[in-house]
> 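Okay, handing you the structure first.
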Amino acid sequence: MAVATFLEKYDFAGKTILPLCTNEGSGMGSSERDVKKYAKGADVKNGLAITGSQAANAKAAVEKWFSSNRLI
Ligand SMILES: Cc1cc2nc3c(=O)[nH]c(=O)nc-3n(C[C@H](O)[C@H](O)[C@H](O)COP(=O)(O)O)c2cc1C
């Protein structure tokens, strides 16, 4: 579990995490819950799940997600 180990080993206090995944139907699954569990102290925002086969058409969705998190 490489990502879980990474999140456990480092100090995320004061950091913001935006979970992003590709999938083919399972959406975010338990990813947001898991990131919150392992990245102690982080401010974990709502994630964005993109259908892998549609990733090339996801620019508008990513921009909306960034915008709603005040990144653009
Ligand atoms: C072994 C394996 C199993 C997967 N199982 C699922 C699944 O059950 N549900 C799902 O939404 N995505 C699943 N995925 C992920 C999607 O297939 C994948 O993220 C999506 O097609 C985009 O591919 P890419 O980001 O690797 O290019 C699985 C991927 C792998 C490698």
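What you see is a predicted model; the values in this text were computed from it and never measured. We're numbering straight along the sequence, starting at 1. In each ligand, atom 1 is the first atom listed, and ligand 1 is the first ligand listed.
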> If every non-hydrogen atom of C21 is compared with every non-hydrogen atom of G27, which pair is closest and at what distance?
SG-O, 3.6 Å

> Checking T5 side chain against M1 main chain: does a donor-acceptor pair fall under 3.5 Å?
yes

> Would you be so kind as to tabulate the donor-acceptor pairs closer than 3.5 Å made by side chains of residues 31-40, with sequence neighbours excluded?
unit_1	atom_1	unit_2	atom_2	d
S31	OG	M28	O	2.8
E32	OE2	G47	N	2.5
D34	OD2	S30	OG	2.9
K40	NZ	K37	O	2.9

> Applying salt bridge (charged side-chain N to carboxylate O under 4.0 Å, His left out), name anything that partners K45, two or more places apart in sequence or on another chain.
D43

> Identify all pairs of nitrogen or oxygen atoms, one from ligand 1 and one from the protein, separated by less than 3.5 Å, and list them with distances.
unit_1	atom_1	unit_2	atom_2	d
ligand 1	9 (N)	S26	OG	2.7
ligand 1	11 (O)	E24	N	2.8
ligand 1	11 (O)	G25	N	3.1
ligand 1	11 (O)	S26	N	2.8
ligand 1	11 (O)	S26	OG	3.1
ligand 1	12 (N)	E24	N	3.4
ligand 1	19 (O)	T22	O	3.3
ligand 1	19 (O)	T22	OG1	3.0
ligand 1	21 (O)	E24	OE2	3.1
ligand 1	25 (O)	T22	OG1	2.6

> Rounded to the nearest 0.5 Å, how far apart are CG of N69 and OG1 of T16?
8.5 Å

> So which residues get pulled into L71's cluster when ILVMFWY side chains under 4.5 Å apart are joined, directly or through others?
L18, L20, L48, I50, V62, W65, F66, I72

